[in-house]
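The next block holds one structure in the form of structure tokens; read it before the comments.
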Amino acid sequence: MLRRALEEAIAQALKEMGVPVRLKVARAPKDKPGDYGVPLFALAKELRKPPQAIAQELKDRLPLPEFVEEAIPVGGYLNFRLRTEALLREALRPKAPFPRRPGVVLVEHTSVNPNKELHVGHLRNIALGDAIARILAYAGREVLVLNYIDDTGRQAAETLFALRHYGLTWDGKEKYDHFAGRAYVRLHQDPEYERLQPAIEEVLHALERGELREEVNRILLAQMATMHALNARYDLLVWESDIVRAGLLQKALALLEQSPHVFRPREGKYAGALVMDASPVIPGLEDPFFVLLRSNGTATYYAKDIAFQFWKMGILEGLRFRPYENPYYPGLRTSAPEGEAYTPKAEETINVIDVRQSHPQALVRAALALAGYPNLAEKAHHLAYETVLLEGRQMSGRKGLAVSVDEVLEEATRRARAIVEEKNPDHPDKEEAARMVALGAIRFSMVKTEPKKQIDFRYQEALSFEGDTGPYVQYAHARAHSILRKAGEWGAPDLSQATPYERALALDLLDFEEAVLDAAEEKTPHVLAQYLLDLAASWNAYYNARENGQPATPVLTAPEGLRELRLSLVQSLQRTLATGLDLLGIPAPEVM
RNA sequence: GGGCCCGUAGCUCAGUGGACAGAGCAGCCGCCUUCUAAGCGGUAGGUCGGGGGUUCGAAUCCCUCCGGGCCCGCCA
């Protein structure tokens, strides 16, 4: 974080010059002198001097930090050249997670209906949510990951009904969530569908009473195999039926009814319902009234979301938890009536849900504000991501128009296996390498783009192992690891032997922590993914550097001192790539 | 009708006030007697959707138009 220190020093000097502003230090373009620079044009008006003069004055007044060799005025910019040895020392410094700050951040993601197998749309949710949870934890937050199980929803009821209605028996081989999903799709194709509604209703009521939990759990466990294969982590499962039984909804409504903006109109469109007037919080609404309780007494789904959000942030209590028996996640806890009382009391929440839920999520924040918690409303974030198209078309779970995550994982692994076979026939564990590369390709393709951009899932690109991909970063990592493996132990580096090649690589290495903090701040992993691509590219360029037809940067055969320097740098690079990949939930193979 | 988001090279995308707009894929030309060629170097390719404005400076901020996606139910 040399940049931060430099920014600090500049801010101090500018303050003494009478302009108390903090300027961002940026990398200088390749063709300009120095490593970093700040533009000073913005100060010209206030100081009533040309920017060139300001650059000169700042240079004269600025006590240079010890790691800066020289400040160089370039037009209206003041650039800085770092001392090579200080730069290298910083690049070689082992990176560790940022110090813990108090306060829980609760990340909810996945939350797939427990009624059929996961498809590519869920993939984006999981990849984003899992990555942001890891990034926040590295950035010093205490993170809890929650997966919400909507076991009283219509989808679950329909699947359970269909399984029974069609008298389907499981052959024990097909993955159970796929089996259940086929029943669901069949029901929606059934010409009798409308006539079956009352029977489905009955299942729905049984679910609300928590009677069919084992049947739902069976589907959930099958889905969880996929989540686990994707390398996603969870701390808590919360079942909708437990929320219902804990009476969170009633408690939340009781709180809300204390607000003058929540009331029961006696006449008009909303007569008999409990409605919330969101206009004090969300201006410009055509119709600012939202039904919480229908006139028949049932709750709307966002009323339940509101109650759940209140629980997450410690406004309400009432859920109980016990360890969750499952083969994938040893420490996982689940809500359960017989468990122990627990409330996370999150000071901040991130709900990872697609952009179509933006409106209901805004209502959740509105409810927090109306209930007297405007400060919490600001900390209730919606990580909204755009939907995933499948080869240019909208997916549909009901019609079975989707590609399952299991299928994609399998296909990616098959392709990766073929490539490992071809490129590295002596690989000690091809299967494991193929699994890691497949995972890298799939997850990276989901997080490298900004969440708010729609992505089109195309096999050809998502499973590509070349170019701007996860495997490109993994390959860079494996290359570095290969050198370190051959090197064994080594002694002290001689920083004074550094060439411009080491310098360039070190400079790129310095940006890692900033990329992580940016990603955490903006709540988007793509910032980190893009950085890792840059870093891997920088390393590959270093690796391949040639002068006069000869390798310019051999590591193992370099002269003493320089060899150790290069090894240390490669090690730092390798660890940085591994850490960065891990923050995206992607394994870093040592050999591939 | 109201609201949110997107529009950057043939395609997929970074860059969201600062130094001549960057990658990948596809195309063309090179590089394995080099620590893994899943790689590297070079070349070609752009009115940053159009127009107007603010600014010393705009892909980035404001207005407007065009094109595309999504949301707006006492469904979930």
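Computed from a predicted structure; not experimentally measured.
Nucleic acid contact for A:Ala44: none, since no nucleic acid atom lies under 4.0 Å from a heavy atom of the residue. Note on A:Val38: nothing from the nucleic acid sits closer than 4.0 angstrom, heavy atoms only. Counting any heavy atom pair closer than 4.0 Å across all strands shown, A:Asp426 reaches no nucleic acid atom. Using a 4.0 Å heavy-atom distance criterion, A:Tyr472 is classed as a sugar-phosphate-only contact. Using a 4.0 Å heavy-atom distance criterion, A:Val570 is classed as making no nucleic acid contact. A:Ala26 comes within 4.0 angstrom of no nucleic acid atom, judged by non-hydrogen atoms across all strands. Residue-level contact check: A:Val591 touches the bases, meaning some heavy atom is under 4.0 Å from a base atom.
Under the 90° criterion around 0 for the glycosidic angle, B:rC32 counts as syn.
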What does nucleotides 69-76 of chain B look like as a protein-contact string, B for base, S for sugar-phosphate only, - for none, at under 4.0 angstrom between heavy atoms? SSS--BSB
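Using cut-offs of 30° and 60° for the angle between ring planes, the A:Tyr531 and A:Phe512 rings count as tilted. By the 30° and 60° cut-offs, the orientation of the rings of A:Tyr459 relative to A:Phe457 is perpendicular. Note on ring orientation: taking the six-membered ring where Trp is involved, the planes of A:Phe290 and A:His359 are tilted (angle from 30° to 60°).
Among all heavy-atom pairs drawn from A:Val74 and A:Pro33, the shortest one is CG2-CG, 3.8 Å. Summarising the geometry of A:Ala515 relative to A:Val527, their closest heavy-atom pair is O-CG1, 3.8 Å, with the distance given to 0.1 Å. Contact record, A:Glu158 with A:His188: OE1-NE2, 2.6 Å, taken as the closest heavy-atom pair. Of all heavy-atom pairs between A:Pro493 and A:Ser568, the closest is CG-OG, 3.9 Å. Closest heavy-atom contact between A:Leu249 and A:Ala303: CD1-O, 3.7 Å.
B:rC40 is paired with B:rG30 under the Watson-Crick or G-U wobble criterion, all donor-acceptor distances under 3.5 Å. Remark: B:rC61 base-pairs with B:rG53; criterion is Watson-Crick or G-U wobble with both hydrogen-bond distances under 3.5 Å. Pairing partner, B:rC25: B:rG10, with both Watson-Crick or wobble hydrogen-bond distances short of 3.5 Å. Base-pair partner of B:rC4: B:rG69 (Watson-Crick or G-U wobble, both distances under 3.5 Å). The partner of B:rU47, taking Watson-Crick or G-U wobble pairs whose two distances both stay under 3.5 Å, does not exist in any strand shown.
A gap of 25 Å separates the C1' atoms of B:rG3 and B:rA59, to the nearest Å. Between the P atoms of B:rU60 and B:rA44, the separation comes to 27 Å (whole Å). The same atom, C1', is picked in B:rU8 and in B:rU47; the two are 12 Å apart, to the nearest Å. Going from the C1' atom of B:rG42 to that of B:rA58 covers 32 Å, rounded to whole Å. Atom C1' of B:rU12 sits at a distance of 27 Å from the matching atom of B:rG17, rounded to the whole Å. One C1' atom belongs to B:rA37, the other to B:rU55, and the distance between them is 49 Å to the nearest Å. Atom name C1', nucleotides B:rU54 and B:rG10: the rounded distance is 35 Å, in whole Å. Remark: the separation of the P atoms in B:rC40 and B:rA23 is 12 Å, to the nearest Å.
Not one side-chain nitrogen or oxygen of A:His481 sits closer than 4.0 Å to the OP1 or OP2 atom of B:rU36. For A:Lys453 and B:rC6, the shortest distance from a side-chain N or O to OP1 or OP2 is not below 4.0 Å. Put simply, A:Arg563 has no side-chain N or O that comes within less than 4.0 Å of OP1 or OP2 on B:rC35.
For A:Tyr270 and A:Asp287, the side-chain atoms include at least one donor-acceptor pair closer than 3.5 Å. Under 3.5 Å, the side chains of A:Tyr542 and A:Glu502 contain a donor-acceptor pair of N or O atoms.
In terms of position on RNA chain B, the residue among A:Ala537 and A:Gly37 whose nearest nucleotide sits closer to the 5' end is A:Gly37. When each of A:Ser482 and A:Arg27 is assigned the nucleotide of RNA chain B bearing its nearest heavy atom, the one mapping closer to the 5' terminus is A:Arg27.
When each of B:rA38, B:rC20, B:rG7 is scored by its nearest atom to the side-chain atoms of A:Asp31, the top-ranked nucleotide is B:rC20. Of the listed nucleotides (B:rA19, B:rA38, B:rU34), B:rU34 has the atom at the smallest distance from the side chain of A:Pro551. The side chain of A:Ala541 lies closest to B:rG41 when the candidates are B:rA14, B:rA19, B:rG41. The A:Thr449 side chain lies nearest to B:rC13 when the options are B:rC13, B:rA19, B:rU34. When the nucleotides B:rC5, B:rC13, B:rG41 are ranked by their closest atom to the side chain of A:Lys452, B:rC5 comes out on top.
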With the criterion being N/O to N/O and under 3.5 Å, what pairs connect the protein with nucleotides 26-28 of chain B, and how long is each?
none

Which pairs, protein N/O on one side and nucleotides 55-57 of chain B N/O on the other, fall under 3.5 Å?
| unit_1 | atom_1 | unit_2 | atom_2 | d |
| --- | --- | --- | --- | --- |
| B:rC56 | OP1 | A:Lys45 | NZ | 3.0 |

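If you take CG of A:Leu535 and P of B:rG24, they are 16 Å apart, rounded to a whole angstrom. Rounded to whole Å, atom C1' of B:rG30 lies 13 Å from atom CG of A:Asn544. With rounding to whole Å, A:Leu533 atom CG is found 13 Å from B:rU12 atom C1'. Distance, A:Lys430 NZ to B:rA38 C1': 16 Å, rounded to whole Å. For the pair A:Gln530 CD and B:rA14 C1', the computed distance is 5 Å after rounding to whole Å. One can place CG of A:Leu505 at 14 Å from P of B:rC40, the figure rounded to the nearest angstrom. Rounded to whole angstrom, the span from the CG atom of A:Leu556 across to the C1' atom of B:rU36 amounts to 13 Å. Across the protein-nucleic acid pair, A:Leu23 atom CG and B:rG17 atom C1' stand 13 Å apart, rounded to whole Å.
The only member of A:His381, A:His382, A:Gln309 that meets side chain to side chain donor-acceptor pair (under 3.5 Å) when paired with A:Asn351 is A:Gln309.
Using a cutoff of 4.0 Å between basic side-chain nitrogens and carboxylate oxygens, A:Glu421 and A:Arg417 are not scored as salt-bridged. A salt bridge links A:Asp508 to A:Arg27: one of the charged nitrogens lies within less than 4.0 Å of a carboxylate oxygen.
The CG atom of A:Asn540 sits 5.0 Å away from atom CZ of A:Arg479, with the distance rounded to the nearest 0.5 Å. To the nearest 0.5 Å, the span separating CG on A:Asp534 from CG on A:Leu532 amounts to 9.0 Å. Rounded to the nearest 0.5 angstrom, A:Ser295 OG and A:Arg264 CZ are separated by 10.0 Å.
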